[in-house]
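Following: one structure in structure tokens, then a few remarks.
Here is the naming used below: chain letters follow the sequence lines, and residue numbers restart at 1 for every chain. These figures come from a predicted structure and were not determined experimentally.
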Amino acid sequence: MKKIIVKALHAGIKKLPKINKAYDLSFFSETIERTRDSSHGDFTSNIALRLAKSLKKNPRELANEIFDCIPKNNSIKKIEVAGPGFMNFYLYDSAYHTEIERILSNKDLIEKNKDFKKHKLLLEFVSANPTGPLHIGHGRHAAFGASLRNILEAVGYDVKSEYYVNDSGRQMDILCISVIIHLLQRENQRVSMPLAGYQGQYIKTISLAIDHKFNEDEIKIKELIPKIDDRDNQDQYIDCLIENTKRLISAKKFNQIKKQSLDLIKKDIQDDLSEFGVLFDSWFSEESLDRNGEIDKALKSLMKKNYLYEQDGATWFKATDLGDEKDRVVIRKNQNKTYFTSDIVYHHNKKERGFDTLIDILGSDHHGYIARVKAGLEAMGHNSDDLDVQLVQFVSLYENGVKQAMSTRSGEFITLRQLREEVGNDAARFFYIMRSNEQHLDFDLALAKSKTSENPVYYIQYAHARIASVINQLNEKSLKYDQKNGISNLKLLTSEKERQLMVSISRFSEILFLSAKNKAPHSLAQYLRDLANDFHSYYNESIILIDDHALRDARVSLAISTKKVISMGLSLLGVSSPSSM
RNA sequence: GCCCCGGUAGCUCAGUUGGAUAGAGCACAAAAUUCCUAAUUUUGGGGUCAGAGGUUCGAAUCCUCUUCGGGGCACCA
């Protein structure tokens with residue numbers, strides 16, 4: 001709907017020779033907003049105020065000049081120059097009717113931007129280490145990423161989502177040894193879990209599933225346990241323990257158990273996310289980068305470009321040359337590659353696969369990591385601006401005003417699965433994205449569980465269910481609904497609340513584009529709440545199923561289009577739209 | 001010490017990227033149902049936009065400083 005104003009303004013400006021510069025449509029679009037106050041019309045543009053300075057003109061005069069040049073348009077009732085130089089646009093109601101008609105037709109509810117389609121995006125998110133179940137923090141990433149993906153797709157982008165599986169490196173060995181220790185304990189061997197090992201219940205579950213039994217002669221506890229005090233040197237202790245184990249049971253058997261453990265955890269994560277309605281187009285294995293020789297190839301290329309040097313027995317990447325605050329190690333003294341090494345290659349790989357923009361959704365505690373990944377991209381010959389990092393802040397759970405403790409170390413943290421079971425997928429999805437991602441989230445468990453109007457999810461879903469119920473009543477009362485008749489009688493909808501509802505419906509597409517542009521799914525959530533409010537308010541004031549056929553069909557048309565918008569909006573957020581509650 | 005995010009009504013938060021008189025929900029006070037789902041609606045009070053300076057026609061929004069809260073500054077991931 002905003003397009004009407006954008007085009008009109010553009011047509012007007014084109015006629016003014018002095019202003020006709022290289023302004024594109026998106027510039028005009030940026031100057032136009034919905035009015036906050038209906039006494040200012042439907043839309044307002046501050047274009048005259050913005051251009052006044054560079055043209056050295058009085059903004060009001062300029063606004064009047066533009067006004068004189070705007071051609072007649074059968075959607076625009078009148079244009080006013082107001083205040084310091086705003087241009088206020090008043091639309092005919094028919095413009096809103098056209099919008100309702102479009103929504104009722106079976107086409108897409110919103111018009112995608114065709115230019116976006118050639119833009120390939122790769123959205124990477126969650127990417128939690130496969131060393132344990134997902135917790136409530138990952139849940140926020142999952143909900144945010146999945147919603148963002150849906151929104152970007154809805155406005156026209158070609159977008160794929162990916163989960164990066166950190167399936168190589170030291171932490172996988174630690175996972176494996178934790179499982180092995182558990183297996184040994186089940187055989188009544190006198191070994192204790194290293195302090196740096198994974199302590200959670202799930203380790204037990206994995207060991208039960210693997211159910212491996214070691215031979216008496218291959219495990220000699222005395223040879224297994226390092227001669228160091230675990231409490232003094234946790235890292236050294238566990239590394240030594242891993243080494244001993246590999247030697248005693250053979251690296252082959254160790255890797256076999258590691259693979260089994262990884263597969264079990266990965267499966268659990270995949271099931272968890274899929275039950276949560278979070279689907280990925282691909283699961284990218286970190287380990288595959290090494291296996292396919294991509295890491296070596298990239299390192300050689302960096303070496304050739306003189307981005308690497310040796311110092312203190314390690315190999316360093318000259319990140320400072322490319323904007324990072326310090327140089328970073330890519331190969332450690334012990335010859336192991338760092339996590340960052342894989343990440344340079346992984347991001348390079350993403351670009352090589354043909355993605356224009358890479359969106360990474362990271363925890364806010366990873367912000368210090370951005371500069372080095374960007375440096376890595378530059379070094380591999382890409383533009384670091386192609387990487388867009390969205391940071392997500394932490395989640396705290398509150399139950400009746402009391403903050404719930406959460407500790408990863410003890411393994412007693414609240415999992416995503418527990419949360420989903422507690423409050424349900426719908427409430428979890430909605431609450432996770434209800435707030436801006438860069439804001440700390442206080443997740444109110446009691447509110448999420450409550451089935452009252454205080455709970456925004458139920459409030460919105462209830463609006464949908466009410467409309468569904470009205471449609472059922474139509475049939476039960478054997479009333480006929482004629483959509484064409486409804487559309488041609490939309491002009492009968494003249495009450496303030498009816499107009500308000502039509503205005504809200506017409507904003508949907510603008511909200512989606514804004515939400516996509518700002519990568520802010522929470523705007524959509526806020527909008528849906530407002531829309532539901534407009535409907536409830538209208539529903540309370542007017543009866544839809546009245547005897548007057550023309551007005552009834554018009555009202556049903558309005559209700560059905562509201563239902564369609566709510567339903568699509570909720571589905572983009574991964575929330576269901578029940579027909580009865 | 002350096003870097004990132006945040007501070008808006010009693011509480012939880014929006015604020016369309018610099019616009020006109022700063023908005024919701026909850027809580028509080030009062031009202032509405034012979035009628036399509038009361039899981040609803042209507043009305044009301046409530047603000048030094050953390051503080052101070054600056055930029056300009058115009059600042060919650062941009063810049064500088066101060067302050068408070070969270071996070072980050074590895075040959076961990």
Side-chain angles (χ1 to χ4, degrees), chain A residues 30 32-37 39-40 44 46 49-50 52-53 58-59 82-86 88 127-129 131 166 169-171 235 286 311-316 325-326 328-334 336-340 342-343 363-371 391 393-394 396 398 401 434-442 444 447 450-456 458-459 461-463 465-474 476-477 479 507 510-511 513-515 517-518 520 522-523 525-527 529-530 533 535-546 555-556 559 580-581:
Chain A
E30 269 174 39
I32 298 163
E33 296 176 352
R34 293 272 174 169
T35 56
R36 207 168 291 166
D37 187 336
S39 68
H40 295 143
T44 183
N46 61 10
L49 290 155
R50 284 211 201 178
K53 190 182 262 182
N58 174 305
F86 291 106
N88 294 338
S127 298
N129 286 340
T131 52
N166 299 121
R170 182 165 172 263
Q171 88 281 353
D235 285 339
E286 177 188 4
Q311 192 182 304
D312 305 329
T315 305
W316 298 69
E325 56 187 16
K326 49 179 97 163
R328 309 290 174 178
V329 167
V330 286
I331 300 173
R332 284 182 264 166
K333 209 189 285 179
N334 66 7
N336 287 337
K337 287 147 197 157
T338 61
Y339 173 83
F340 173 55
S342 312
D343 235 11
S364 56
D365 55 334
H366 280 63
H367 96 268
Y369 200 70
I370 302 170
L391 296 176
Q393 292 280 351
F394 296 148
S396 308
Y398 282 82
M434 184 163 68
R435 305 300 180 209
S436 153
N437 56 296
E438 51 205 18
Q439 186 87 236
H440 265 254
L441 178 67
D442 287 341
D444 186 336
L447 182 61
S450 88
K451 304 204 168 184
T452 66
S453 58
E454 295 160 34
N455 186 339
Y458 283 91
Y459 184 84
Q461 288 181 324
Y462 183 47
R466 267 186 154 174
I467 300 169
S469 169
V470 169
I471 296 164
N472 280 341
Q473 288 287 318
L474 261 178
E476 276 174 32
K477 293 183 178 174
L479 297 168
R507 286 177 58 216
E510 288 153 40
I511 292 291
F513 276 94
L514 185 76
S515 198
K517 185 183 164 205
N518 295 342
H522 75 275
S523 319
Q526 303 271 340
Y527 163 80
R529 218 242 152 237
D530 290 344
N533 179 33
F535 177 76
H536 285 309
S537 179
Y538 171 52
Y539 180 90
N540 228 267
E541 186 197 64
S542 306
I543 296 166
I544 295 169
L545 302 181
I546 47 170
R555 286 181 174 174
V556 172
S580 68
M581 290 171 76

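Once rounded to the nearest 0.5 Å, the distance linking OG1 of A/Thr44 with CZ of A/Arg36 reads 11.0 Å.
Here B/rU41 presents its C1' atom at 15 Å from CD of A/Glu454, a figure rounded to the nearest Å. Atom pair A/Asp442:CG and B/rC26:P shows a separation of 18 Å (rounding to whole Å applied). Note: NE2 (A/His522) to C1' (B/rA14) measures 7 Å, nearest angstrom. Nucleotide B/rA39 holds its C1' atom 13 Å from the CG atom of A/Leu447, rounded to whole Å. When the P atom of B/rA39 is taken as reference, atom NZ of A/Lys451 falls 13 Å away, rounded to whole Å. B/rA27 atom P lies 12 Å from atom CG of A/Asp444, rounded to whole Å. Between the OH atom of A/Tyr398 and the P atom of B/rU12 there is a distance of 8 Å, rounded to whole Å. The nearest whole Å value for the distance from the NZ atom in A/Lys326 to the P atom in B/rG72 is 14 Å.
One P atom belongs to B/rU43, the other to B/rG25, and the distance between them is 10 Å to the nearest Å. Taking atom C1' in both B/rA14 and B/rU55, the straight-line distance is 27 Å, to the nearest Å. Between B/rC63 and B/rG7, the distance separating the two P atoms is 14 Å to the nearest Å. The C1' atoms of B/rU41 and B/rC5 are separated by 39 Å, rounded to the nearest whole Å. Spacing between B/rU8 and B/rG54 at atom P, rounded to whole Å, works out to 25 Å. Remark: the separation of the C1' atoms in B/rA77 and B/rU61 is 37 Å, to the nearest Å. Spacing of C1' atoms, B/rU21 relative to B/rG58, comes out at 14 Å, to the nearest Å. For the P atoms, the distance from B/rC13 to B/rC75 is 36 Å, rounded to whole Å.
With sequence neighbours excluded, no residue forms a ring-ring contact (aromatic ring centres under 6.0 Å, His included) with A/His522. Evaluation of the salt bridge (Lys or Arg N to Asp or Glu O under 4.0 Å) rule for A/Asp530 yields no partner, not counting sequence neighbours. For A/Tyr458, there are no ring-ring contact (aromatic ring centres under 6.0 Å, His included) partners two or more places apart in sequence or in a different chain. Taking the salt bridge (Lys or Arg N to Asp or Glu O under 4.0 Å) definition, one finds that A/Glu510 meets it with A/Arg34, sequence neighbours left out. In this structure A/Tyr459 satisfies the ring-ring contact (aromatic ring centres under 6.0 Å, His included) test together with A/His536, sequence neighbours excluded. Taking A/Phe535 as the reference, A/Tyr539 meet the ring-ring contact (aromatic ring centres under 6.0 Å, His included) condition, with sequence neighbours excluded. For A/Ser127, the side-chain hydrogen bond (donor to acceptor under 3.5 Å, both in side chains) partners are A/Glu124, not counting sequence neighbours. Residues forming a side-chain contact (heavy atoms from CB on, under 4.5 Å) with A/Asn166 (at least two apart in sequence, or on another chain): A/Asn129, A/Pro130, A/Tyr164, A/Gln171, A/Glu286, A/Tyr339. A/Arg170 is linked by a salt bridge (Lys or Arg N to Asp or Glu O under 4.0 Å) to A/Asp235, A/Asp239, counting only residues two or more places apart in sequence or in another chain.
Across all strands shown, B/rC35 remains unpaired; no Watson-Crick or G-U wobble contact has both distances below 3.5 Å. With a cut-off of 3.5 Å on both pairing distances, the Watson-Crick or G-U wobble partner of B/rC73 is B/rG1. Under the Watson-Crick or G-U wobble criterion, with both distances below 3.5 Å, B/rU64 is paired with B/rA52. Nucleotide B/rG10 forms a Watson-Crick or G-U wobble pair with B/rC26, both donor-acceptor distances falling under 3.5 Å.
Among the protein residues, A/Phe394 comes within range of the sugar-phosphate backbone only, with heavy atoms under 4.0 Å from sugar or phosphate atoms but none that close to a base. At the heavy-atom level, A/Glu476 lies nowhere under 4.0 Å from the strands shown. Residue contacts for A/Ser436: at a heavy-atom cut-off of 4.0 Å it reaches the sugar-phosphate backbone alone, with no base atom in range. Among the protein residues, A/Ser542 comes within range of the nucleic acid bases, having at least one heavy atom under 4.0 Å from a base atom. Among the atoms of the strands shown, base atoms are found under 4.0 Å from some heavy atom of A/Ile543. Using a 4.0 Å heavy-atom distance criterion, A/Asp312 is classed as a base contact. Across all strands shown, A/Ala465 has heavy atoms under 4.0 Å from base atoms, whether or not it also approaches the sugar-phosphate. The residue A/Ser469 sits close to a base: some heavy atom pair falls under 4.0 Å.
Using a 4.0 Å cut-off, no side-chain N or O of A/His536 falls inside it from OP1 or OP2 of B/rA39. For the OP1/OP2 pair of B/rC75 and a distance below 4.0 Å, the side-chain nitrogens and oxygens of A/Arg170 include no atom meeting the criterion. Close to B/rA77, at under 4.0 Å from its OP1 or OP2, lies no side-chain N or O of A/Thr338.
Along RNA chain B, the nucleotide nearest A/Ala520 and the nucleotide nearest A/Tyr539 are compared for position; the residue whose nucleotide lies closer to the 5' end is A/Ala520. A residue-by-residue look at A/Ile544 and A/Asn518 shows that A/Asn518 has its nearest nucleotide of RNA chain B further toward the 5' end.
Across B/rA77, B/rG72, B/rC36, the shortest atom-to-atom separation from the side chain of A/Asp365 is found for B/rG72. The nucleotide whose nearest atom lies closest to any side-chain atom of A/Asn166 is, among B/rA77, B/rC75, B/rC36, B/rA77.
Proximity of a side-chain donor or acceptor of A/Thr338 to a complementary backbone N or O of A/Val329 within less than 3.5 Å is detected. For the pair A/Arg435 (side chain) and A/His440 (backbone), a donor-acceptor distance under 3.5 Å is absent. In terms of modelled atom types and a separation under 3.5 Å, the side chain of A/Asn334 and the main chain of A/Asn336 share a donor-acceptor contact. In terms of modelled atom types and a separation under 3.5 Å, the side chain of A/Asn437 and the main chain of A/Leu391 share a donor-acceptor contact.
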Self-check item: Reading 5' to 3' through nucleotides 2-8 of chain B, protein heavy-atom contacts under 4.0 Å coded B for base, S for sugar-phosphate only, - for none
Solution: -BSSS--
Quiz item: Going 5' to 3' along nucleotides 28-33 of chain B, which nucleotides have protein heavy atoms under 4.0 Å from the base (write B), which only from the sugar-phosphate (write S), and which from neither (write -)?
Solution: ------
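Shown here for A/Asn455 and A/Leu447, the closest heavy-atom pair between the two residues is ND2-O, 3.0 Å.
Look at B/rU17: its glycosidic torsion is within 90° of 0, and that puts it in the syn range.
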Every protein N/O lying under 3.5 Å from an N/O of nucleotides 19-24 of chain B:
from   : atom 1 : to      : atom 2 : distance (Å)
B/rG19 : N7     : A/Asn46 : ND2    : 3.0
B/rA20 : OP2    : A/Arg36 : NH1    : 3.3
B/rA20 : N6     : A/Thr44 : OG1    : 2.8
B/rA20 : N6     : A/Asn88 : OD1    : 2.5
B/rA20 : N1     : A/Asn88 : ND2    : 3.2

